[in-house]
Amino acid sequence: MLRTHHCAQLTSADLGTTVSLVGWVDSIRDHGGIIFVDLRDRKGITQVKFDSSLREQATHLKDESVIGITGKVEVRPADMVNRNLPTGEIEVDATGLTVHNLSDTPPFPLTDAGGDKVNEDLRLTYRYLDLRRPKMRKNLAVRHRATKAVRDYFDAQEFIEVETPALFKSTPEGAREYLVPSRIHPGQFYALSQSPQQFKQILMVAGVEKYFQIARCFRDEDLRADRQMEFTQVDVEASFIDREGIYALFEGMLKKVWKDVLDHDLPTPFPRLVFHEAMNRYGVDKPDVRFGLELQDFTGLFKTSSFKVFASTATAGGAVKALNAKGLADLTQGEIKALEEIAKSLGARGLAFIKVEGGEWKSPIVKFFSEAEKAALTAQLGITDGDMVFFAAAPWEQACAILGRIRLEAAQLLVKRGKLTLRPDDWQFLWVVDFPLMSYDEARGGYAATHHPFTAPVPEDAAFLDSDPKKVRGQHYDVVLNGMELGGGSIRIHQPALQKKDFEEVLKIPADVVESRFGYMLKALTYGAPPHGGIAFGLDRMCALLCGTTSIRDVIAFPKTQKGQCLMTQSPTPVTEKQLKELHIRTVLPE
RNA sequence: GGGGUGGUAGCUCAGUUGGUUAGAGCGUCUGCCUGUCACGCAGAAGGUCGCGAGUUCGAGUCUCGUCCAUCCCGCCA
């Protein structure tokens, strides 16, 4: 037996007991005649004392070595108790020492504070060391508990977990896929599943009624702090359910996860915001509602303005929107410039602003405003001294998006100045609903599904499918937490005729393509498909939020870098000619 | 594909206007130390300044290119 106890177990009640512990050397304090070693395992730390004949051997230990010790539990002298350790009342007087593995000096400090500062590429190269840090071990545990809470919840609701294939067929709509060459079928490919969407709908046709899966998904798109090439989705689908049913089901799940993981009681139901209002007030479809700084609309006011830039936009069907960044009149030239650059990157021609200082409006555009316009702005935006007002004049959605982004930047600038606090544990969940079913894709010159082509229209809007598709709202919903899209889903189309019409007449996918790509699905719908709907959400993102981090890399054991590499295993790599030949593949490298 | 930030000792960083031998803290190593728990004290070692060109009498510092990490835009039905 390598150990009798773990390193967080012993107390003064164990006085005099002979015990064996194994673990990693967390730190060594060598006093010459006496050596203290903090021994660490996954449960905690116990101080081991070497002052016998073992002292000489112990001087050769190094941090992070794996050792086993045998010894007698002693109670520490009263003034030597370490109140910071659960085992701080005792220590083990070592009488036996086995060095299982002497460690090289780690390339970076394995403490929470020290490791957080280290460049992430180093942490990823030595991920097995990074994961020894208490914070990372805690993150792994949080992920486990969250995942378990999800499974327990759906199990209790009589859902069953069904596995679906990772190797799917290629469907070039939507996200770029990872292709997998078929050895048996030369020149043909599978695609790694972007999500189990189609299989879960088929499972509804199969009569499963209540399905869920913790599913790995793959998308060959550029990576971000909240996006990895492979990620984990909690995928749910149910028959005979409507939107209200989904909201209640999902709120129940989140309530349980927050309770089980954080012992926090989430208030439900979550507020709901229709898409149009989310855009109007926050300039984004995933608003962070922990702070105000809401957008205001002045399109009407400026229709007749002598300020041509605003007036022409307003009369041409665009929108003029403004945002009062309260208390940000002290922005530096550089900060204003940076905001302008952001606005420009979203297609704005500039970023008009009013700086309110010393009772005066300092702005290059204010000379064009009439007294009535100034009064209206003051009233609606609540302008007082020390404020900074930003404007956007553009087509409605773009104007909203520009100020939506400026709103987030302004919040960060306020946080930087200590004028705003954004607590990560201020859990502001909400549903965003009533998305447009279709959006017009300028580049392609046609309509594209906002969510995916299986989303059912809101029944009372279905009549507009032919006449004015962009007016049709989809039965789609997103669940948003503090500016992050946690997940989304919809009630699906279950009538084959409507689904076919959607593909062919609205999305304008040629009939033969529809048949080859979705034929099996349309056929399945003809055999008594029940009304159904579901939701999918990012487990990685949820765990990141539960852990108080914004990067999902912190809750994935072995994540990839922004260039898609695993720095620890050095993948991807070239493969042998033999492998390529077997797969009937020839590579053509870029110039 | 584009923009921002960063790359100097094992780690985190400083490095002035281009100018002698590139510094600090932590870590490492050696010695001392029987009550520490971020132990302490004394000493030492440790650098292709990401890489490659260029300008210059002289480049960590300026210019160009390139690689890597990260944040963002595009992209992510």
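So you know, we letter chains A, B, ... as the sequences are listed, proteins then strands, and number each from 1.
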Mind checking if A/Arg55 touches a base, just sugar-phosphate, or nothing, with heavy atoms under 4.0 Å?
nothing

Under 4.0 Å protein heavy-atom contacts per nucleotide of nucleotides 36-48 of chain B, with B for base, S for backbone only and - for none:
BB-B---------

Taking atom P in both B/rC51 and B/rG10, what distance in whole Å separates the two?
13 Å

How would you label the contact of A/Arg123 with the nucleic acid (heavy atoms, under 4.0 Å): base, sugar-phosphate, or nothing?
nothing

From the candidates B/rU28, B/rC73, B/rC75, the one with an atom nearest any side-chain atom of A/Arg227 is B/rC75

Please give me the minimum heavy-atom distance between A/Pro196 and A/Gln233, naming the atom from each residue.
CD-NE2, 3.9 Å

For the residue pair A/Tyr178 and A/Phe218, does the interplanar ring angle fall in the parallel (under 30°), tilted (30 to 60°) or perpendicular (over 60°) class?
perpendicular

A/Phe291 ring centre to A/Arg407 NZ or CZ under 6.0 Å, with the angle to the axis within 45°?
yes

Residue-phosphate contact under 4.0 Å: A/Arg224 side-chain N/O, B/rC75 OP1/OP2:
no

Base paired to B/rG40 (Watson-Crick or G-U; both N/O distances under 3.5 angstrom):
B/rC32

Who is the Watson-Crick or G-U wobble partner of B/rG23, with both distances under 3.5 Å?
B/rC13

Give me, pair by pair, the N or O atoms of the protein and of nucleotides 65-69 of chain B that are less than 3.5 Å apart, along with how far apart they are.
residue : atom : partner  : partner atom : Å
B/rA69  : OP1  : A/Thr561 : OG1          : 2.9
B/rA69  : OP1  : A/Gln565 : OE1          : 3.4

Do you know the tightest heavy-atom contact between A/Glu64 and A/Pro106?
CG-CG, 3.7 Å

Paired with B/rA69: which nucleotide, if any, by Watson-Crick or G-U wobble criteria at under 3.5 Å for both distances?
B/rU5

Using a cutoff of under 3.5 Å, can you pull out all pairs of nitrogen or oxygen atoms linking the protein to nucleotides 22-24 of chain B, with atom names and distances?
none

B/rA59 pairs with, by Watson-Crick or G-U criteria that keep both distances under 3.5 Å
none

